[in-house]
Amino acid sequence: MDEKEQLHAMRHSLAHILASAVQNLWPDAKFGVGPVVENGFYYDIDIGEYKISEDDFEKIETEMRSIVSKDQPFVRSIKQIDEAINWAQEGKQPYKEELLNDLKRAGTTVAKDLNPEELGTIAGDDSVTSEVSFYTNGNFVDLCRGPHLESTGKTGAFKLMRVAGAYWRGKDTNPQMQRIYGLAFASEKELRTHLNMLEEAKKRDHRKLGAELDLFTFSDLVGSGLPLYTPRGTYIRDGLIKFSEAVREQIGFERVWSPHITKKDLYEVSGHWEKFGSELFLVTSQETDDKLVMKPMNCPHHSQIYSSRPRSYRDLPIKYMETTTNYRDEKSGELHGLSRVRSLSQDDSHTYCREDQVDEIFDQLIERIREFYSAINMSLRLRLSLRDESDAYLGPQELWDFGQNKLAEIAGRNNLEYYQETGEAAFYGPKLDFMATDAIGRVWQVATVQFDFVQPERFGLEYTDEKGEKKRPIMIHCAIMGSFDRFFSVFIEHTAGRFPVWLAPEQIRLITVNQESATIEFADKIVDEARKLGLRVKVDNDNESVGKKIRDAEVWKVPYTVVIGEKEIESSEVIPRIRKDMEVQPSGPIAISNFLQSIANEVGSRVTKSSL
RNA sequence: GCCACCUUAGCUCAGCUGGUUAGAGCAUCAGUUUUGUAAACUGAGGGUCGUCGGUUCGAAUCCGACAGGUGGCUCCA
């Protein structure tokens with residue numbers, strides 16, 4: 001076993017140790033599955049009325065440690081399938097029994113979405129399992145493919161983290177079990193490193209920083225999942241949106257506008273009504289019987305703009321973009337800060353083109369997306385999101401084949417690390433998803449470029465080719481931030497609220513040493529000059545100590561802080577205090593107008609590090 | 001939507017198993033001080049303890065419903 005397999009086996013073994021501990025403590029416990037997940041493991045457990053809480057963790061961990069110290073060997077054994085089913089029945093393990101029955105019928109337990117009838121029909125004779133393997137440690141026996149450690153004593157560092165409800169086999173009509181999550185690493189040190197990362201993530205939580213830095217808020221009267229952006233948050237919002245639009249203007253995108261409500265007919269034609277109807281907000285006219293919906297996306301509108309006039313092959317590609325708010329009735333339990341909201345603003349764009357233009361369009365978009373993410377210091381990887389074999393996808397197979405091959409080709413030549421994942425395509429086409437890594441190593445899905453093989457057909461979009469024949473254009477969706485709101489949550493956590501100067505809501509803070517009129521007048525003069533350069537500047541003239549006001553500017557993460565007193569008034573020079581993450585420290589006094597001009601230049605070029 | 005948990009001042013939190021006028025720090029406001037690179041001093045205001053209902057002689061505390069939130073599950077155009 002190499003190191004990776006060893007770690008996997010160790011985490012899996014800990015899942016068994018967790019289950020044995022639970023069995024020792026609650027002998028009636030019924031077990032589901034206990035797989036390895038990123039950084040650890042979990043086990044799904046049903047112990048009837050009693051609900052395990054985090055208060056029980058100490059007790060469970062103690063029991064786990066006792067099992068570890070007993071150094072019980074993991075012993076593999078083979079049972080005939082019927083013998084195994086018998087074992088599950090006698091041991092009152094209904095979940096295991098269900099898994100074993102699936103194994104017997106279909107030779108797999110992974111076909112979790114299939115109901116028993118379907119499962120029966122796909123099972124060929126070859127796949128029927130006649131034998132299954134078990135692992136035993138101490139008095140705990142579990143159906144398991146393995147591999148495991150030699151014995152319980154070989155485990156590394158672990159910690160139980162949380163308990164959560166989880167549907168048996170992920171289906172919301174099934175009973176809900178309790179899932180106990182644990183972290184596990186080869187060494188105490190690695191575990192601690194990971195816990196520190198989680199600690200750091202907690203400090204950067206956008207919901208916490210959003211309130212502390214006065215960026216956005218929620219109101220019970222407005223409703224859950226409906227964020228309100230404050231002036232400070234809106235500076236950043238506007239700055240990012242402007243940038244996202246600017247990078248696409250460079251490659252010929254033009255802004256369009258569409259209303260926020262529409263007849264539901266639009267989505268019946270597009271196919272969204274059938275697929276997402278239950279998540280649409282409905283609006284009714286009080287005068288007529290018109291049934292309207294709040295728009296959940298913009299592509300059908302843009303397609304209507306496309307089809308508003310006849311198009312020639314010479315007009316293509318046609319490129320529309322619109323940054324606008326969409327409304328989706330997300331289930332209450334799915335809402336989460338800004339990452340999942342009911343009113344989300346997309347920096348959306350749609351290209352209608354000929355087949356021979358596809359390569360150039362993708363290459364350009366990828367280049368612009370890279371420009372955007374390099375400006376905010378995030379590295380990108382590409383995910384090729386392809387369809388799987390389910391029937392969740394619409395559109396002709398030939399187009400899917402063309403699109404999936406094309407995307408693989410494009411991904412291969414764009415100097416970005418990429419990988420592919422099936423089952424991640426949109427229902428209307430395959431996509432390139434951009435995965436950004438943040439400052440503490442977490443990966444987020446951000447930008448996306450997607451083929452659409454459904455809407456051109458459904459809306460009957462056409463252009464006239466050089467022979468005078470009608471043809472279908474190819475439609476390509478692209479969003480650079482995706483949902484602005486979700487992107488903002490990532491960006492806040494990536495920067496920990498230390499926004500680059502070009503986005504900082506407050507770029508310069510002037511701190512007065514005293515409240516004499518000469519000082520105030522001097523500060524006001526600097527404010528005027530800074531505003532003429534388009535800079536965002538504030539004066540802190542509170543009757544507090546300079547130390548206190550410096551601290552306050554630090555807490556608000558203001559990039560440049562300047563103390564104004566007699567010395568500055570006399571010399572017209574300042575010694576700016578530069579926020580620590582900006583690396584470059586001031587070399588000494590600088591004439592005020594030079595100082596302001598250099599910041600204006602910095603803002604203009606969107607640099608992320610101070611150039612002073 | 002489902003499971004578990006949480007909700008006390010603008011924020012962070014204290015308030016023992018139900019027992020008079022619910023506390024602290026920060027923030028806010030006022031006064032003193034006129035301050036030189038991460039927290040000056042003094043004082044004041046601010047809470048029908050998320051909402052509604054119930055149990056009780058008595059509820060921030062117990063029970064229920066609802067709202068909002070947290071961690072997951074499910075979903076994510």
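What's counted below: heavy atoms across the whole structure, side chains too, no hydrogens, waters or symmetry copies. Chain identifiers are assigned alphabetically (A, B, ...) following the order of the sequence lines, protein sequences preceding nucleic acid strands; residue numbering begins at 1 within each chain.
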Problem set entry | Test: A:Lys580 and A:Glu554 ion pair at under 4.0 Å | yes

Problem set entry | Side-chain donor/acceptor of A:Glu279 to base of B:A77, under 3.5 Å | yes

Problem set entry | Rounded distance in Å - CG (A:Asn514) to P (B:U34) | 11 Å

Exercise. Checking all strands, does A:Glu516 fall into the base, sugar-phosphate, or nothing category for heavy-atom contacts under 4.0 angstrom?
Worked result: sugar-phosphate

Identify each atom pair where a protein N or O and an N or O of nucleotides 2-9 of chain B are less than 3.5 Å apart, giving names and distance.
{"unit_1": "B:C2", "atom_1": "O4'", "unit_2": "A:Tyr167", "atom_2": "OH", "d": "3.3"}
{"unit_1": "B:C2", "atom_1": "O2'", "unit_2": "A:Gln176", "atom_2": "OE1", "d": "2.6"}
{"unit_1": "B:C2", "atom_1": "O2", "unit_2": "A:Tyr167", "atom_2": "OH", "d": "3.2"}
{"unit_1": "B:C2", "atom_1": "O2", "unit_2": "A:Gln176", "atom_2": "NE2", "d": "3.3"}
{"unit_1": "B:C3", "atom_1": "O4'", "unit_2": "A:Gln176", "atom_2": "OE1", "d": "2.4"}
{"unit_1": "B:C3", "atom_1": "O2", "unit_2": "A:Gly165", "atom_2": "N", "d": "3.4"}

Exercise. Please give, in whole Å, the distance from B:U37 C1' to A:Glu554 CD?
Worked result: 9 Å

Problem set entry | Residues A:Asp46 and A:Arg179 bridged, charged N to O under 4.0 Å | no

Exercise. Going by the angle between their ring planes, with limits at 30° and 60°, are A:His272 and A:Phe427 parallel, tilted or perpendicular?
Worked result: perpendicular

Exercise. Salt-bridged, A:Arg204 to A:Asp438, with N to O below 4.0 Å?
Worked result: no

For this session: Could you tell me whether A:Glu274 contacts a base, only the sugar-phosphate backbone, or nothing, with contacts defined as non-hydrogen atoms closer than 4.0 Å?
Result: nothing

Problem set entry | Rounded distance in Å between the P positions of B:C29 and B:G10 | 15 Å

Exercise. In whole Å, what is the span from the CD atom of A:Glu544 to the C1' atom of B:G31?
Worked result: 13 Å

Exercise. Side-chain donor or acceptor of A:Arg340 under 3.5 Å from a matching atom on the base of B:C76?
Worked result: yes

For this session: Could you tell me whether A:Asp433 and A:Arg383 make a salt bridge, using a distance below 4.0 angstrom between a side-chain N and a carboxylate O?
Result: yes

Problem set entry | Rounded distance in Å - CG (A:Leu338) to P (B:G69) | 12 Å

For this session: Could you tell me whether A:Arg328 and A:Glu279 make a salt bridge, using a distance below 4.0 angstrom between a side-chain N and a carboxylate O?
Result: no

Exercise. For the pair made of NZ in A:Lys549 and P in B:A27, what is the distance, rounded to whole Å?
Worked result: 14 Å

For this session: Have a look at A:His336 and say if it touches a base, only the backbone sugar-phosphate, or nothing, with a 4.0 Å heavy-atom cut-off.
Result: sugar-phosphate

Exercise. To the nearest Å, how far apart are A:Asp552 CG and B:C26 C1'?
Worked result: 11 Å

Exercise. Are any of the side-chain nitrogens in A:Lys525 or A:Glu521 under 4.0 Å away from the carboxylate oxygens of its partner?
Worked result: no

For this session: Rounded off to whole Å, could you give me the CG-to-P distance for the A:Asp214 and B:G10 pair?
Result: 16 Å

Problem set entry | Most 5' of A:Tyr327 and A:Thr512 on RNA chain B, judged by nearest nucleotide | A:Thr512

For this session: Would you mind checking if A:Lys549 and A:Asp542 are paired as a salt bridge, meaning a charged N to carboxylate O distance below 4.0 Å?
Result: no

Exercise. Checking all strands, does A:Arg486 fall into the base, sugar-phosphate, or nothing category for heavy-atom contacts under 4.0 angstrom?
Worked result: nothing

Exercise. If you measure from the Lys or Arg side-chain nitrogens to the Asp or Glu carboxylate oxygens, is any gap between A:Glu424 and A:Arg387 under 4.0 Å?
Worked result: no

Exercise. How is A:Tyr181 classified with respect to the nucleic acid when contacts are heavy atoms under 4.0 Å: base, sugar-phosphate, or nothing?
Worked result: sugar-phosphate

Exercise. Hey, is A:Phe276 doing a stacking thing with B:A77, by the 5.5 Å centroid and 30° angle criteria?
Worked result: yes

Exercise. Just checking A:Phe218: base, sugar-phosphate only, or nothing, at a heavy-atom cut-off of under 4.0 Å?
Worked result: nothing

Exercise. Can A:Lys295 and A:Glu322 be counted as an ion pair, charged N to O under 4.0 angstrom?
Worked result: yes

Exercise. Is A:Val546 touching bases, backbone alone, or none of the nucleic acid, heavy atoms closer than 4.0 Å?
Worked result: sugar-phosphate

Seminar exercise, completed: Nearest-nucleotide check on RNA chain B, A:Asp220 vs A:Cys299; residue mapping nearer the 5' end is A:Asp220

Exercise. Once you round it to whole Å, what is the distance between C1' of B:C76 and CG of A:Leu280?
Worked result: 13 Å

Exercise. Stem ranges for RNA chain B, with three or more consecutive Watson-Crick or G-U pairs under 3.5 Å?
Worked result: B:1-7 with B:67-73, B:10-13 with B:23-26, B:28-32 with B:40-44, B:50-54 with B:62-66

Exercise. What nucleic acid atoms does A:Lys275 come within less than 4.0 Å of, heavy atoms only: base, sugar-phosphate, or nothing?
Worked result: nothing

Exercise. Would you call A:Lys203-A:Glu199 a salt bridge at under 4.0 Å N-O?
Worked result: no

